[in-house]
There are 2 protein chains.
Amino acid sequence: MLKNFRRESDVVRKQGNMAVQRGNKDQGDGRRKVTITAIAREAGVSVPTVSRVVNGRSDVAPDTRARVEDLLRQYGYRRRTVAPGDRAALLDLVFNDLDSPWAVEIIRGVEEVAHASGVGTVVSAIHDRAGAARQWMKNLRARASDGVILVTSALEPVLHKELHRLGVPLVVIDPAGSPALDAPTIGATNWAGGMAATGHLLELGHRRIGFIAGPPRLLCSRARLDGYRSALEDAGVPVNDELIVPGDFYHESGFTGCETLMALPEPPTAVFAASDQMALGAIEALRRKGLRVPQDVSVVGFDDLPEMRWSAPPLTTVRQPLAEMGKMAARTVLRQAQGGDIDAPRLELATELVVRASTAPPAPRPAD
Amino acid sequence: MLKNFRRESDVVRKQGNMAVQRGNKDQGDGRRKVTITAIAREAGVSVPTVSRVVNGRSDVAPDTRARVEDLLRQYGYRRRTVAPGDRAALLDLVFNDLDSPWAVEIIRGVEEVAHASGVGTVVSAIHDRAGAARQWMKNLRARASDGVILVTSALEPVLHKELHRLGVPLVVIDPAGSPALDAPTIGATNWAGGMAATGHLLELGHRRIGFIAGPPRLLCSRARLDGYRSALEDAGVPVNDELIVPGDFYHESGFTGCETLMALPEPPTAVFAASDQMALGAIEALRRKGLRVPQDVSVVGFDDLPEMRWSAPPLTTVRQPLAEMGKMAARTVLRQAQGGDIDAPRLELATELVVRASTAPPAPRPAD
DNA sequence: CTGAAAGCGCTTACAG
DNA sequence: CTGAAAGCGCTTACAG
């Protein structure tokens, strides 16, 4: 390090007219402008030679290469244009928030497919704020991203319009539900999942089943709720609105939602939470009340995040193939980016009920 | 959509000599080559005009703009060079695996800082495979990334060497422990954390404390173990090697590690797992044996992943400021990328014991 | 609002 | 192994 810095000042002394050198802070006069031409002059070689070194070609004499590499490093050279052949292939993956294990699953899937195609995955969070979204659009443009995967965002319509204008392919994972969005979407069979979870509880013998809902503006929330309702109807169990409480997919709302449910004159014997995190919150609420899961109350979640195998007790839940959804989405944008056709404008991957240890038949009613 | 496709074939008909058009698969003769020049010819305007549209300048007649935009979209135009001013600023964040809530925390921190500086965060996983790493290096080079943040990887030395050659700044989060790595590193005070966790159990009155270790090749694992040992020594409790079992930070190993511990002739009254995930595995092992946490056995974890507040019972653990570490790392690479000095080559952020509900004084020994 | 001209940062044959 | 020359894909004044 020290050695480098020493050499650097030598260079600076000899070549004081270069805009800004590495190791110096911005000097009013602006951004540093380290070009291949400047490096060539400095190294006493031609521009093509530097170009060759930069591109790791083999036909450069070892000591020329070493000298040029040193200079490149010292001046902090970065390419200013991209080689025509290997355009930096980039794909943008945009979340509202990066605050849930949910997100990694999707990232994992997208990254796997993208990486295999030599494409980089740029991950961003826009926090449903128009400002952040605008900044992101600007960056997207600067980096000439080849495609965008957007995950459940209220900003869907705005971004879609702008991206369409720029001709950047867009795929939406788990669409929030903008009606006229004509981008391909990838989701899960939420309605069927809601049916399956509720059906499972019904089969165990539960008749009073509480439901902790997700944000009502999201399509997936509504589909899960409707699945719950349909299963009850199929079983001839009347839908009781006081058993349906609101939530926002986060732990806390599962906790309070469950408290509300258990404070009912006639509390439910089972709770279906529309997300795993809310299910965990619900279990905590029950634990605090001294109620055991599943002996006293059964709990079902939705998502099947990997850690749910290890919750206490291991959670019965509806598996949503998040990584698979990510992969699908990545394949779809990549195909579009290469000018291919999209095979399905709207796709729903299957959900699957995973029965673990948080559900059991209802406790026999206390003989009161 | 349909409309677009129709228009597109008109264009193709008129202009059959362009290499490959959008909507057509690769046609042997190679990659499509949609340049601003081609678009200009097609639109019957000059090259500068198309350039203006592409860059969203305001001084273009509305219908010229519309016509050009249509063409750009239809041909799937992507910039082939980057505007000198706004070079796509990119930062690479590299994990071994994207399989833990651990990762999101770091991503969140890095993204926040990078995004604020208009820098994109490219997330990759290299799975400790030299092949994947090589592919990634190639991509990194193509996208001219401005800096790299590497998270705990056995590939540290190789990547460091190569990146240094390219003059790309590198910061390592939670270094695996390559001895001669002269890149800045950001970690947590693992040793102090190990001390604190063990000290807490000691204070509660525990004397037989099991330890489920992390992978021994990682510095952080060794530091946590040494912290555990030191705390015991301070308290005058002899270190008993049969109470130390191996693990790999994942749930499963916590489960089996805890089983081993509880099968001991004289099992521990408390277990300190070197990761939250192993702590969860341990709790599950205890649950299966019918042992209650914390009444029968206390459990402490390490990391304080956000979901640990909601485990059953809420987990006492050592908080590692992962998002903060990500932010630090991002600031450090960004500063380096701008030619600034690094303020600290090696940084450890403080860990903090978070006491929740999984620890309690040991149960009185059964009077046998 | 638009284009002809000059310029920039590279890369790609080609010749030695 | 190296450079002079031509070329490419853009952008930036400048003039109208």
Side-chain angles (χ1 to χ4, degrees), chain A residues 17-20 29-69 71-72 75-89 138 141-144 146 166-167, chain B residues 17-20 30-72 75-89 138 141-144 146 166-167:
Chain A
N17 60 332
M18 287 194 71
V20 177
D29 102 74
R31 346 293 285 97
R32 64 211 155 91
K33 205 187 134 202
V34 185
T35 66
I36 224 179
T37 315
I39 299 290
R41 199 177 343 148
E42 184 64 22
V45 298
S46 72
V47 166
T49 298
V50 178
S51 169
R52 283 187 272 258
V53 172
V54 166
N55 291 289
R57 302 248 192 283
S58 56
D59 52 350
V60 180
D63 62 329
T64 312
R65 147 165 288 127
R67 193 151 35 96
V68 172
E69 273 177 355
L71 257 3
L72 289 170
Y75 284 90
Y77 172 77
R78 317 270 70 208
R79 258 198 184 66
R80 299 177 96 67
T81 79
V82 198
D86 48 43
R87 246 197 28 57
K138 225 183 106 198
R141 184 167 220 167
R143 70 176 84 103
D146 300 283
L166 295 173
Chain B
N17 61 331
M18 285 194 73
V20 177
R31 345 295 283 98
R32 62 210 157 95
K33 205 187 131 200
V34 184
T35 66
I36 225 181
T37 315
I39 300 290
R41 200 180 341 150
E42 184 64 22
V45 298
S46 72
V47 166
T49 299
V50 178
S51 169
R52 283 187 271 258
V53 172
V54 166
N55 290 291
R57 302 246 192 283
S58 55
D59 52 351
V60 180
D63 62 329
T64 312
R65 148 165 286 128
R67 193 151 36 97
V68 171
E69 273 177 355
D70 274 4
L71 257 3
L72 289 170
Y75 284 90
Y77 173 78
R78 317 275 64 211
R79 255 198 187 68
R80 296 178 97 66
T81 79
V82 197
D86 47 45
R87 243 195 37 53
K138 222 183 108 197
R141 182 166 221 166
R143 69 176 85 103
D146 299 282
L166 296 173

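In what follows, every chain begins at residue 1, and chains take the letters A, B, ... in the order their sequences are listed.
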Could you write out each protein N or O paired with an N or O of nucleotides 1-5 of chain C at a distance under 3.5 Å?
residue: C:dT2; atom: OP1; partner: B:Thr64; partner atom: OG1; Å: 2.6
residue: C:dT2; atom: OP2; partner: B:Ala61; partner atom: N; Å: 2.9
residue: C:dT2; atom: OP2; partner: B:Thr64; partner atom: OG1; Å: 3.4
residue: C:dG3; atom: OP2; partner: B:Ser46; partner atom: N; Å: 3.1
residue: C:dG3; atom: OP2; partner: B:Ser46; partner atom: OG; Å: 3.2
residue: C:dG3; atom: OP2; partner: B:Thr49; partner atom: OG1; Å: 2.8
residue: C:dG3; atom: N7; partner: B:Arg52; partner atom: NH2; Å: 2.7
residue: C:dG3; atom: O6; partner: B:Arg52; partner atom: NH1; Å: 3.3

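The nearest whole Å value for the distance from the CZ atom in A:Arg57 to the C1' atom in C:dC10 is 11 Å. B:Arg41 has its CZ atom 12 Å from the P atom of D:dC8, to the nearest Å.
Once rounded to the nearest 0.5 Å, the distance linking OG1 of B:Thr35 with CZ of B:Arg41 reads 7.0 Å. How far CD1 of B:Ile39 is from OH of B:Tyr75: 6.5 Å, rounded to the nearest 0.5 Å. Atom OG1 of B:Thr64 is separated from atom CG of B:Asp59 by 11.0 Å, given to the nearest 0.5 angstrom.
Taking each heavy atom of B:Val50 and B:Val45 in turn, the nearest pair found is CG2-CG2, 3.7 Å.
Remark: side-chain polar atoms of B:Arg67 are paired, donor with acceptor, to backbone N or O of B:Ala43 under 3.5 angstrom.
Not one side-chain nitrogen or oxygen of A:Ser51 sits closer than 4.0 Å to the OP1 or OP2 atom of C:dC10. Neither OP1 nor OP2 of C:dG9 sits under 4.0 Å from any side-chain N or O of A:Tyr77.
When each of B:Val53, B:Val60, B:Val54 is tested with B:Val68 by the rule side-chain contact (heavy atoms from CB on, under 4.5 Å), just one qualifies, namely B:Val53.
For DNA chain D, the stems formed by at least three consecutive Watson-Crick or G-U pairs, with both atom-pair distances below 3.5 Å, span C:1-3 with D:14-16, C:5-12 with D:5-12, C:14-16 with D:1-3.
Checked against salt bridge (Lys or Arg N to Asp or Glu O under 4.0 Å), B:Arg65 has the following partners two or more places apart in sequence or in another chain: B:Glu69.
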